[in-house]
Amino acid sequence: MSDEPTQRDYRPTVFLPKTDFPMKAGLPHKEPGIQAKWEEIGLYEKLREARSGREKFILHDGPPYANGDMHIGHALNHVLKDTVVRTQSLLGKDAPYVPGWDCHGLPIEWKVEELYRKKKLDKKEVPAKEFRAECREYAQKWVDVQREQLKRLGINGRWDKPYLTMRPKAEGAIVAELHKFAETGQLYRGAKPVMWSPVEETALADAEVEYQDLTDSPQIDVAFEIVESAIPELVGAYAVIWTTTPWTIPVNQALAYGPSINYDIIDWNGKRFLIANEGGLQAEAMNRWGFDPKSGDGSLVKMIKGSDLAGTIVRHPMHHLGGFYAKPRPMLAGDFVTTDSGTGIVHMSPDHGEDDFDLCKANGIDPVFAVMGDGRYRDDWLWLGANDLDAEGKERRRSVINKPFNAPEGPICSDLREAGALLSASADYQHSYPHSWRSKAKVVYRCTPQWFIAIDEHLGHLPAISPAEQSWEGEGGDSTIDEEVTAGSPTLREIALGEIASTRFVPEKGRNRLRSMVEGRPDWLISRQRAWGVPIALFVHRESGELLVDPDVNRRIQTAIANDTVDAWEESRAAEYLGPDRNPDDYEMIGDILDVWFDSGSTHAFVLESDEWPELQSPADLYLEGSDQHRGWFQSSLLESCGTRGRAPYKAVLTHGFTMDPKGMKMSKSLGNTVDPLKVMEQYGADIIRLWALSVDYTEDHRIGDEILKGVGDTYRKLRNTFRYLLGALSDFDYESEGVETAQMPELERYMLHRLAKLDANLRTAIDDFDFNEYVRALAEFTNEDLSAFFFDIRKDRLYCDAPDGLERRAYRTMLDILFQALIRYTAPVLVYTAEEVWSTRFPDRASIHLEELHALPADWIDDALAGRFDAMRELREDVMEAIEPLRREKTIRSGLEADVSVPSSAIPDGFSDADLAELFIAATVVRGQGSTVEVTRTSDNKCGRCWRLLPDVAEDGALCSRCDEVVTEMDAAA
RNA sequence: GGGCCGGUAGCUCAGUUGGUUAGAGCGCACCCCUGAUAAGGGUGAGGUCGGAGGUUCAAAUCCUCCUCGGCCCA
């Protein structure tokens, strides 16, 4: 075509999208600036004003521990919380978010002690007040660090006034909660074996204990001589026990057998031994003792049933020491005795085991408190006490978890061997054993005086559970509550179980998990022998041992602590609290502090009910934490609230799983597979972490890694470019002069209204279900499938080439505006920074997208008849695309615009003209054919030099079609 | 060791009370466009639904066992 005149370049006459909004996000660089803007305009406060008086939605923040940087679990948890709050706000509710931190407790105390050790200071020489001040400072430091990190994540909340469990008012309120338990008789001091760390000299909470596998644990078999029995063959025989804790033998007080287990009396080496008749177990045990089955010197004397052992009495191998050791040891029936390992007979020390304690208590055998806090036997202990010296006159006593002390050659085994009671001793047993998670040192069970909240006491101060509230009973047929409930007031456990039944759980399986834990849990051990925490601020009468329950005294204590921090609980102020009518010398001031779970379990009281945060209210609509909090905060909050208020502090509980590495393995520093959210924010941006958190199935364990984040980045870019296109296509759009009523719009636009309305309904359901995975998926799929690949592609021609005042083009732009207004709101809770960037690009004068609410879409946008036709058309469209493909492959045509398409007329939905279809299929022409398949040929029409469509009214390639001719003529005239 | 939960394409997820050739989006491969351009469009290849038994006319779906992983507990 070299002989043709130079064609005019029509590019300047085409209305291309126009925007400064960059395709490349540069989030790590851009986000901090947007964050700064939010702080500057006071976004959180503005939002509170905007939603003032609306229905409230209260998400109560579970306080993270103020120790260390934010990790991926915090990030996930807070993104979910923030998204809940933002989506509720989007619905128009007033959804405040007051973040909080858990500040007391052992880990912080430990850190401060570590600093002391580095400075060669002894904690015991530092006044408690000073020590606590340092703990306070340490916690505050990490609160500040985490606060900045969470802000950077885009979490919108009351950052200028978070709640801290160490604020004096909080400390006072926590004591007030404790006093409620005391005043209603739910608190008691008991002796119970608790996990005790001899190294740290404190009782440990379950959460402070971790189990490690040992391969060199001692194991010994000890023979107890039977002195009385209803079975003659047993008198003079030996009951053999097996234990991995030789140090408990000096505190033995009984033996336990399984009543339904069968036992053998076996004659071996001239002695008779009692052992369970359990093949593997018996062979294994006797093998340890050195029994050779081939020698034939062992023979079965008699087989008996466990229950036959009732009334049997044995004596301690060290009975010659007299005193404690001379007392007879009864054999007791214990259901917990198994034949998994050992001998089928278990030695009992009520001081050092839960089963032991319970069984002995039931049989009138009390603990003897033989082991002191540092792990040694007390001075006056007959065996291995302070006066027990070796040949060189050195004390043989050591900490009971000292390895040589328990070794086969150690003092315990040596003495037992000498007494002829040690059948075997070695240090090669493999099992998992509890350790302190801070010091990594072994812990022991030890009986000490501790404070407990009773779980099964009937609470007279609360109304009985109503029949309606008992309706959950029998659902699973495994109820632990029976006719007792109706007999009187409920117990704390019963109230809690009733509340679990009436709470919403997302996902539902959380209910079973919490319920089974509450059903099975023991009394709540709330005392700790530490310094950094809220004191168990109570007095005990020295003479009577009774707890002083005087509301006036308690009020004075609460006020003092609320004013002066926990430091107010000191001896010098006892008189002030007790008042003029009592003599401080008559009272013991309890020196223990509270379990930190009691602190955090009380947050509903000192945060939700406090007038310090008037925007909050109780009970909360939602608690949202990781699934580990079934054991933790969900439960401690439930018990605290049920014990003081008779109801749960929450209406719903949402739990999420844990974040694993790309292979689904747990992250750990030692494996080096951790993902640091701070680094991800530096590399990808906070919006990417947020989108990741909402894209995975967070109700289960889920994964993170480079490949996953890359995929999230792809989803992000698609959303971002959709907004870039909308911004460009809508540049200079003015509804007043250009807008089209939806009723006047072409069918395609009205179909998109329908699709949008459907999406809107889906998203609202997802919000109600807290199903953000579905939310993000639906949003992304809509932008990909309905918009980018369908609507935008079809309407490209109208947008670029139609006259600006043409109805179709105006209708399209109106539709784009509707889409923009909806999509930017849907996106705002997810991509908080990007949404703001988009919003401020289009509306530089408006404060923030995050103040906006969802619009209620007109009901008449739903048009099922229209949608049915269009859905059918889209299916046909897919067939057409498929039919065009071979021609493109063989280069007969390049684009669909060059295709003449013949479609079986029977396949065409009603109401579409051939021209409609050509436009919808982005083809040259569409005709109705007689055949049963879609046929495609290359069109013979020429290509318009402006709109590039191939049309019959184009005289030659490069000339204008009539539509473009009109538009260009008008533009030329205007110019 | 015990309780509970989970294992569907390379990735993230759907799969209703068991019912036709197991789906989506992304990624990938190939192609088109070059007037959303480090963008947009099209087509296509990917799965013995962790494994093995069993129930059933029929199982990703129900049962048993095993395995891997997780949370909690000991």
Side-chain angles (χ1 to χ4, degrees), chain A residues 9-19 21-24 195 206-207 209 211 338 340-341 354 431-434 507 509-510 512-517 520-521 626-632 635 655 657-666 691-692 694-697 699-718 720-729 773-774 776-785 788-790 792-794 796-797 799-801 878 880-891 893-898 922 946-948:
Chain A
D9 177 13
Y10 290 108
R11 196 168 194 276
T13 73
V14 176
F15 310 109
L16 297 177
K18 204 170 74 185
T19 178
F21 187 80
M23 194 176 292
K24 192 167 156 44
M195 284 288 193
D206 292 344
V209 172
Y211 286 77
T338 66
D340 294 339
S341 59
E354 280 193 86
H431 66 147
S432 76
Y433 191 84
K509 63 192 172 197
N512 286 333
R513 192 156 172 193
L514 188 56
R515 179 166 64 198
S516 64
M517 283 178 179
R521 70 156 298 145
S627 60
D628 56 334
Q629 297 304 327
H630 287 107
R631 171 64 55 180
Q635 194 180 163
T655 51
F658 283 72
T659 304
M660 303 294 141
D661 82 353
K663 289 175 186 156
M665 306 293 272
K666 174 191 196 148
L691 188 55
W692 161 79
L694 303 179
S695 298
V696 296
D697 181 3
T699 65
E700 296 288 345
D701 290 348
H702 48 267
R703 305 166 186 209
I704 194 169
D706 283 335
E707 188 185 9
I708 294 165
L709 286 170
K710 201 172 152 287
V712 172
D714 289 328
T715 307
Y716 172 84
R717 246 172 302 178
K718 186 74 186 187
R720 183 179 179 87
N721 273 312
T722 299
F723 281 112
R724 181 167 184 270
Y725 172 79
L726 286 169
L727 289 170
N773 182 302
E774 168 65 13
V776 167
R777 195 199 57 69
L779 186 60
E781 211 167 299
F782 181 77
T783 56
N784 285 324
E785 295 301 296
S788 191
F790 179 69
F792 293 172
D793 206 31
I794 291 166
K796 196 189 272 194
D797 177 69
L799 179 70
Y800 291 178
C801 298
E878 280 181 36
V880 170
M881 295 299 172
E882 205 179 320
I884 289 175
E885 191 62 16
L887 279 79
R888 300 166 71 154
R889 294 254 160 204
E890 65 193 34
K891 312 285 187 194
I893 63 170
R894 292 178 166 281
S895 100
L897 281 170
E898 297 169 25
I922 319 183
R946 180 164 174 271
C947 70
W948 298 344

*If you measure from the P atom in B:G46 to the same atom in B:G40, how many Å do you get, rounded?*
26 Å
*Grab the CG-C1' distance between A:D661 and B:G70 for me, whole Å please.*
12 Å
*Which listed nucleotide (B:G44, B:C13, B:G70) is nearest to the side chain of A:H702?*
B:C13
*Considering only the C1' atoms, how many Å lie between B:G53 and B:A59, rounded to the nearest integer?*
14 Å
*Could you pull out the closest heavy-atom pair between A:P886 and A:A883, with the gap in Å?*
CD-O, 3.1 Å
_Let me spell it out: for each of A:G711 and A:S516, pick the nucleotide of RNA chain B with the closest heavy atom. Which residue's pick is nearer the 5' end?_
A:S516
*Would a distance-only check, ignoring hydrogens and angles, find a side-chain to backbone donor-acceptor pair under 3.5 Å from A:N773 to A:L694?*
no
*Along nucleotides 31-41 of chain B, 5' to 3', which nucleotides get a B, which get an S, and which get a -, given that the test is a protein heavy-atom distance under 4.0 Å?*
SSSSBBSSSSB
*Rounded to whole angstroms, how far apart are CD on A:Q629 and P on B:C73?*
10 Å
*Select base, sugar-phosphate, or nothing to describe what A:G728 touches, counting heavy atoms under 4.0 Å on all strands.*
nothing
*Syn-anti status, with the boundary at 90° from 0, for the nucleotide B:G42*: anti
_In whole Å, measure the gap between the P atoms of B:G27 and B:U20 for me._
31 Å
*Which of these, A:R521, A:R515, A:R513, sits in a side chain to side chain contact (heavy atoms under 4.5 Å, CB included) with A:M517?*
A:R513
*asked:* A side-chain contact here means heavy atoms from C-beta on lying under 4.5 Å apart; do A:Q629 and A:T655 qualify?
replied: no
*Give one of base, sugar-phosphate or nothing for A:E774, where a contact means two heavy atoms less than 4.0 Å apart.*
nothing
*Between B:C73, B:C13, B:C11, which one does the side chain of A:I708 approach most closely?*
B:C11
*Heavy atoms only: give me the nearest A:G896-A:I884 pair and the separation to one decimal.*
CA-CD1, 4.4 Å
*Using atom C1' of each nucleotide, how far apart are B:G2 and B:U48 to the nearest Å?*
34 Å
Close N or O pairs between protein and nucleotides 4-7 of chain B (under 3.5 Å):
unit_1	atom_1	unit_2	atom_2	d
B:C5	O2'	A:K509	NZ	3.3
B:C5	O2'	A:E700	OE1	3.1
B:C5	O2'	A:E700	OE2	3.4

*Rounded off to whole Å, could you give me the CE-to-P distance for the A:M195 and B:A74 pair?*
6 Å
_Heavy-atom side-chain proximity of A:C947 to A:Y800 below 4.5 angstrom_ = no
*Figure out the CG/C1' separation between A:D697 and B:G70, and round it to whole Å.*
13 Å
*B:G7 and B:U61, which share atom name C1', separated by this distance in whole Å*: 15 Å
*Side chains of A:K666 and A:M660: does their closest heavy-atom pair fall under 4.5 Å?*
yes
*asked:* Let's test your reading of the pairing rules: Watson-Crick or G-U wobble, both distances under 3.5 Å, then write RNA chain B as a dot-bracket string with ( ), [ ], | and dots.
replied: (((((((..((((.....[...)))).(((((.......))))).....(((((..]....)))))))))))).
*asked:* Please classify the nucleic acid contact of A:S695 as base, sugar-phosphate, or nothing, using heavy-atom distances under 4.0 Å.
replied: sugar-phosphate
*Looking only at atom types and distance, does a side-chain atom of A:R724 sit under 3.5 Å from a main-chain N or O of A:P22, one as donor and one as acceptor?*
no
*With nearest nucleotides of RNA chain B determined for A:V696 and A:K710 from heavy-atom distances, which residue corresponds to the more 5′ nucleotide?*
A:V696
*For B:A9 and B:A52, measure between their P atoms and round to the nearest Å.*
15 Å
*Between B:C73 atom C1' and A:H630 atom NE2, what is the distance in whole Å?*
14 Å
*State plainly whether the residues A:K710 and A:E707 are in salt-bridge range, i.e. N to O under 4.0 Å.*
no
_Considering all heavy atoms, the nearest A:K718-A:S788 contact_ = NZ-OG, 3.1 Å
*On a whole-Å scale, what distance lies between the P atoms belonging to B:C63 and B:U16?*
14 Å
*Are the aromatic ring centres of A:Y725 and A:F792 under 6.0 angstrom apart?*
yes
*Using whole Å, report how far NZ of A:K663 lies from P of B:G70.*
13 Å
*Would you mind reporting whether A:K796 and A:D793 have side-chain heavy atoms less than 4.5 Å apart?*
yes
*Can you tell me how far P in B:G69 sits from the matching atom in B:C28, rounded to whole Å?*
31 Å
*Gap between atom CG of A:L691 and atom OG1 of A:T715 - 0.5 Å precision*: 6.0 Å
*Atom pair distance, as rounded to whole Å: CH2 in A:W692 and P in B:G27*: 21 Å
_A:L779 CG to B:U12 C1', straight-line distance once rounded to whole Å_ = 15 Å
